[in-house]
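To keep things clear, I will list the structure first and then write my remarks on it.
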Amino acid sequence: MQLTDTTLLRGHSLVGDTWLPGEGGTLENLNPADGSLVGTVSKLTAEQSAAAIGHASAAFRAWSRRPGAERGELLRAWGELMLEHEDDLAALMTAEQGKPLDEARGEVRYAASFLTWFAQEAPRVRGDVLATPERGMRVMTLRQPVGVVAAITPWNFPLAMLTRKAGAALAAGCTMLAKPAEATPLSALALAELALRAGFPPGVFNVIIGDAATVTGPWLDSPIVRKLTFTGSTGVGRLLMERSAATLKRVSLELGGNAPFLVFEDADLDAAADGVIASKFRNTGQTCVCPNRVLVQRSILEAFTDRLRIRMQMLKVGPGADPGVQQGPLIDDAALDKVSRHVSDALRRGATLKLGGEPHPLGGTFWSPTLLTGCTPDMALAQEETFGPVAALFPFDTEEEALGLANDTPYGLAAYFYTTDLARTFRVAEALQAGMVGINTGRISRASSPFGGVKASGMGREGSHLGVDEYLDVKTLTLGGID
Ligand code: SIN
């Protein structure tokens with residue numbers, strides 16, 4: 001990996017305005033495509049991480065009192081810097097995360113779009129003037145930043161999940177302590193370098209590298225940290241929420257999914273097959289909104305399977321940095337083991353293999369695009385997120401049966417369906433238990449749309465006009481004696 005701007009490659013946490021050498025050992029950041037070393041980063045101790053709270057807290061008063069328009073200008077500058085450094089940021093992300101370079105470039109733009117979006121939302125934070133039942137009274141509401149925010153972000157979208165949180169929090173007037181995933185610290189540190197260049201005051205945006213429990217423990221227990229925002233698994237989200245209860249923090253959780261993708265017999269089958277490719281194989285199947293179960297009406301099952309298989313056969317698998325690659329490696333051996341376990345379990349329980357079903361000849365953590373038909377709800381891949389390039393097809397006969405299957409999961413992040421029937425469009429959209437529904441499209445994520453789930457997929461919404469609300473408290477002012 002060759003960066004044009006080598007100063008984007010940082011090896012220490014950003015605390016205040018200091019690149020702080022960690023005293024908790026080092027983290028070797030490896031390229032999932034070939035195991036080569038991408039960079040080494042020092043890890044903070046619990047004490048160093050606890051001290052970072054003081055920096056975020058000290059910065060809060062001045063930052064929260066700046067006009068929203070000024071905060072927005074800095075967010076805009078940050079987003080522009082990301083776009084200026086798109087090639088370097090993408091190369092770094094592909095090296096440490098594995099996603100194809102074109103997707104990494106797309107993620108840089110997606111990530112920057114949250115900063116641009118929230119740059120515009122920052123000046124729009126507003127309260128209300130309310131009518132009162134009595135004479136001589138006036139009631140107003142102020143919307144004020146909650147305070148210091150702790151953000152814990154995942155490896156699958158190393159930049160976008162961070163800017164989706166930081167953009168909203170900083171627009172609201174909060175300051176942030178961010179802890180990126182251990183697998184992808186370098187992208188987050190490059191983002192921190194650009195935040196400094198954009199001119200954010202010291203302590204407004206801090207990036208802390210270290211072992212998850214070690215560095216986030218002090219934040220979770222601290223009464224100064226008023227809000228936790230997390231993207232990751234449901235299991236960890238539950239633990240974080242429990243731990244946050246002692247200090248009654250505000251909590252936003254974007255957790256696991258088990259998205260159904262329904263294809264009805266009246267659908268445009270080519271469009272539906274394209275939709276599965278776009279959503280299922282994005283990031284090598286490692287997104288929370290990936291369809292995990294493709295439910296296909298029996299009358300079109302064969303025709304749809306053929307269309308999907310032809311498209312999947314054409315997917316180019318390889319190291320993300322190679323030209324034209326559409327599917328990279330999985331993040332690590334544990335991810336590969338899970339995909340392998342899901343495929344063998346499905347085959348043992350009666351699924352039919354139409355494509356792939358084995359590790360890719362490239363070896364390492366590469367897995368062949370896999371197509372299975374005849375899948376059933378008792379299979380592991382129907383119950384857990386596979387998080388890999390496996391399209392599992394489940395047959396159904398009626399709309400009612402499809403909805404029953406789709407909603408038969410504790411999760412409710414995303415759902416998709418394809419139909420050309422207008423009445424069905426509304427019936428199905430209203431009945432699906434999910435925070436986001438793609439109708440005749442596999443692409444549902446953009447800065448202007450609310451992102452978040454229901455049921456075990458979490459709470460709160462990111463992005464959109466709602467995103468800033470997660471970082472604001474409402475204060476009611478009641479004035480008497482106004483006759
Ligand atoms: C995720 O996988 O959690 C995020 C995907 C997205 O923003 O589209």
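Whatever order the structure lists ligands and atoms in, that order sets their numbers, starting from 1.
When hydrogens are left out, the protein atom nearest atom 3 (O) of ligand 1 is Glu254 OE1, 3.0 Å; that is the closest non-hydrogen contact. Annotation: atom 5 (C) of ligand 1 to nearest protein heavy atom, Phe157 CE1, 3.7 Å. Of all protein heavy atoms, the one closest to atom 8 (O) of ligand 1 is Ser445 OG, 2.5 Å.
By the criterion of a heavy-atom distance under 4.0 Å, the side chain of Arg282, and not its backbone, is placed next to ligand 1. The proximity of Asn283 to ligand 1, defined as any non-hydrogen pair under 4.0 Å, does not occur for either the backbone or the side chain.
Side chain to side chain, Thr386 and His342 meet the donor-acceptor criterion of an N or O pair below 3.5 Å. Side-chain N/O atoms of Trp117 and Ser448 include no donor and acceptor closer than 3.5 Å.
Per-residue contacts place Cys288 under 4.0 angstrom from the following atoms of ligand 1 (heavy atoms of the residue considered): 1 (C), 2 (O), 3 (O). In summary, the atoms of ligand 1 found under 4.0 Å from a heavy atom of Tyr110, numbered by their order in the structure, are 6 (C), 7 (O), 8 (O). Ligand 1 places these atoms under 4.0 Å from at least one heavy atom of Met161: 4 (C), 7 (O). Short contacts between ligand 1 and Thr287, defined as distances under 4.0 Å to a heavy atom of the residue, involve ligand atoms 2 (O).
Under the 6.0 Å distance and 45° angle rule, Lys99 counts as a cation-pi partner of Phe157.
In terms of polar-atom proximity, Thr231 is not counted as a contact of ligand 1, lacking any N or O under 3.5 Å from an N or O of the ligand.
Under a 3.5 Å cut-off, the side chain of Lys455 and the backbone N or O of Thr409 do form a donor-acceptor pair. Judged purely by atom type and a 3.5 angstrom limit, Trp367 has no side-chain atom pairing as donor or acceptor with the backbone of Gly388. Using a distance-only test at 3.5 Å, with no hydrogens or angles considered, no donor-acceptor pair links the side chain of Asp211 to the main chain of Thr214. Side chain of Asp88 to backbone of Asp5: a donor-acceptor contact under 3.5 angstrom is found.
Using a 4.0 angstrom heavy-atom cutoff, Gln286 does not count as in contact with ligand 1.
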Please walk me through it: do Phe264 and Phe396 pass ring-ring contact (aromatic ring centres under 6.0 Å, His included)?
CA-CA 9 Å; Phe264 289 100; Phe396 71 86; 5.5 Å; yes

